[in-house]
A.B. asks: 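Just dropping this structure here.
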Amino acid sequence: MNRLNPTVPADQYLADSNVLFYLNDAVIQLLEHKEEYNQFGVIRYFAEYFSSVKNSNHVLFREFNYIQATPHNRASFIRVFWKCYRQIGKSGDLLSMLEYRSLLQLLCPDFPVVLVQSAARIAVMDDTIDCLMSFSDFLYAFQLQFYYQEFLDCVLVIYQDLLAEENNKEEQPQDGVEPSTLVQCIDALCDRSKHSHPPRSCMREILKQTDRISYYSFLMSLAKQEAINQTIGVLPSKAELLIDPEMDQELDKLIAQIVVSPSSNSSSSAVGGLKEVQKKASPRRNIHHRRRMEVESDGSTEETDSSEN
């Protein structure tokens with residue numbers, strides 16, 4: 001929305017942009033940790049806070065209620081997760097649902113396991129969530145589940161009701177529901193829903209391609225849609241997901257340095273170089289959040305920071 005458009009009422013702009021939400025959080029953070037920010041000054045503090053929001057660097061180590069509070073926060077957290085753990089995808093490692101949960105909770109300590117389970121079910125298209133998953137498969141499933149959580153919860157209720165109705169009419173349990181009926185219900189849901197939802201064109205295109213469809217096969221197809229990426233706007237296409245030539249070049253230099261000079265002094269130098277790379281690759285550290293300093297004090301962010309590469 002154009003903030004300079006005089007036809008947009010001020011109340012509507014404030015509601016759609018969530019400015020008051022961020023202003024309220026900024027004031028709360030300042031009051032809770034005011035001693036830490038005396039050295040910076042209030043003006044610089046607010047400038048840094050809103051700059052971090054604009055650049056999507058504000059969600060790292062924040063509580064779950066904060067990162068899910070606005071569409072921008074959700075998109076920012078998806079971006080942070082991708083940036084932090086891109087190397088897992090490049091290495092080709094397959095991880096379990098519990099391992100992905102651990103990675104997410106390194107970024108958000110109280111991230112709910114139920115959302116990780118839901119994303120895993122989309123990635124493997126089944127109720128069995130103990131399968132190993134590639135980073136890209138999980139990432140796109142997670143993006144869909146996390147960004148559109150409330151809408152998908154409503155779709156699941158609709159699907160279960162339709163499935164129960166069809167099973168009552170048939171002698172044998174049905175595998176999935178009729179797409180024509182589901183698309184009508186989804187259209188009606190989009191009309192009345194206050195939450196974000198995937199583009200209707202994407203959902204209609206998927207549902208018209210089959211005679212019957214299950215809930216998880218529908219969501220798996222949605223997760224793979226490029227239009228979802230473009231709508232949310234934080235992840236590249238799957239072909240470009242793991243490409244970062246500048247970062248790869250820096251990592252290759254560090255690996256070569258460690259291999260050639262394995263002594264303690266050289267290793268210390270390599271670690272120092274790695275921290276320089278982290279500064280380039282990681283989102284700029286925010287001055288408005290104490291938890292980052294608390295985690296750094298016990299040395300536990302070294303793994304997280306290095307994963308950002």
A.B. asks: Please report the shortest heavy-atom distance between Y148 and P198, naming the atom on each side.
C.D. replies: CE2-N, 3.5 Å
A.B. asks: Please list all pairs passing the salt bridge (Lys or Arg N to Asp or Glu O under 4.0 Å) test where one or both residues lie in residues 135-144, with sequence neighbours left out.
C.D. replies: D137-K238
A.B. asks: E240: which residues meet the side-chain hydrogen bond (donor to acceptor under 3.5 Å, both in side chains) condition with it, sequence neighbours left out?
C.D. replies: none
A.B. asks: Could you work out the complete set of other residues in the hydrophobic cluster of L132, with links drawn between I, L, V, M, F, W and Y side chains under 4.5 Å apart?
C.D. replies: L94
A.B. asks: Would you mind listing every salt bridge (Lys or Arg N to Asp or Glu O under 4.0 Å) that reaches into residues 189-199, with sequence neighbours excluded?
C.D. replies: D191-R200
A.B. asks: Which pair of heavy atoms, one from I232 and one from A75, lies closest together, and at what distance?
C.D. replies: CG2-CB, 4.1 Å
A.B. asks: In the single-linkage hydrophobic clustering (I, L, V, M, F, W, Y; side-chain heavy atoms under 4.5 Å), do L162 and L156 co-cluster?
C.D. replies: yes
A.B. asks: Go through it in stages, so that I can follow the logic: the residues are T231 and Y147, the test is side-chain hydrogen bond (donor to acceptor under 3.5 Å, both in side chains), and I'd like the CA-CA distance, side-chain angles, deciding distance and then a yes or no.
C.D. replies: CA-CA 11 Å; T231 300; Y147 194 82; over 6 Å; no
A.B. asks: For L31, I'd like to know if atom CG has over 12 heavy atoms of other residues, nucleotides or ligands within 6.0 Å.
C.D. replies: yes
A.B. asks: What pair of heavy atoms forms the shortest contact from P199 to A227, and how long is it?
C.D. replies: CG-O, 4.5 Å
A.B. asks: Check V234 against W82 and note the closest heavy-atom contact, atom names and distance.
C.D. replies: O-CZ3, 3.6 Å
A.B. asks: Please tell me whether L23 and V53 are part of a single hydrophobic cluster in this structure, the criterion being side-chain heavy atoms less than 4.5 Å apart.
C.D. replies: yes
A.B. asks: Once you measure the plane-to-plane angle for Y22 and H58, does it fall in the parallel (<30°), tilted (30-60°) or perpendicular (>60°) bin?
C.D. replies: perpendicular
A.B. asks: Testing the basics here: between V183 and R204, what is the closest heavy-atom pair and its distance to 0.1 Å?
C.D. replies: CG2-CG, 3.8 Å
A.B. asks: So which heavy atom on L241 is nearest to which on S136, and how close?
C.D. replies: CD2-CB, 3.6 Å
A.B. asks: Below 6.0 angstrom between ring centroids: does that apply to F111 and F146?
C.D. replies: yes
A.B. asks: Report the residues that fulfil side-chain hydrogen bond (donor to acceptor under 3.5 Å, both in side chains) with E150, sequence neighbours left out, ordered by chain and then residue number.
C.D. replies: R74
A.B. asks: Can we call the ring centroids of F21 and Y66 under 6.0 Å apart?
C.D. replies: yes
A.B. asks: With ring centroids as reference points, do F81 and Y85 lie under 6.0 angstrom apart?
C.D. replies: yes
A.B. asks: Please answer: with hydrophobic residues joined when any side-chain heavy atoms are less than 4.5 Å apart, are V27 and Y49 in the same cluster?
C.D. replies: yes
A.B. asks: Checking E99 now: which residues fulfil salt bridge (Lys or Arg N to Asp or Glu O under 4.0 Å) with it, not counting sequence neighbours?
C.D. replies: none
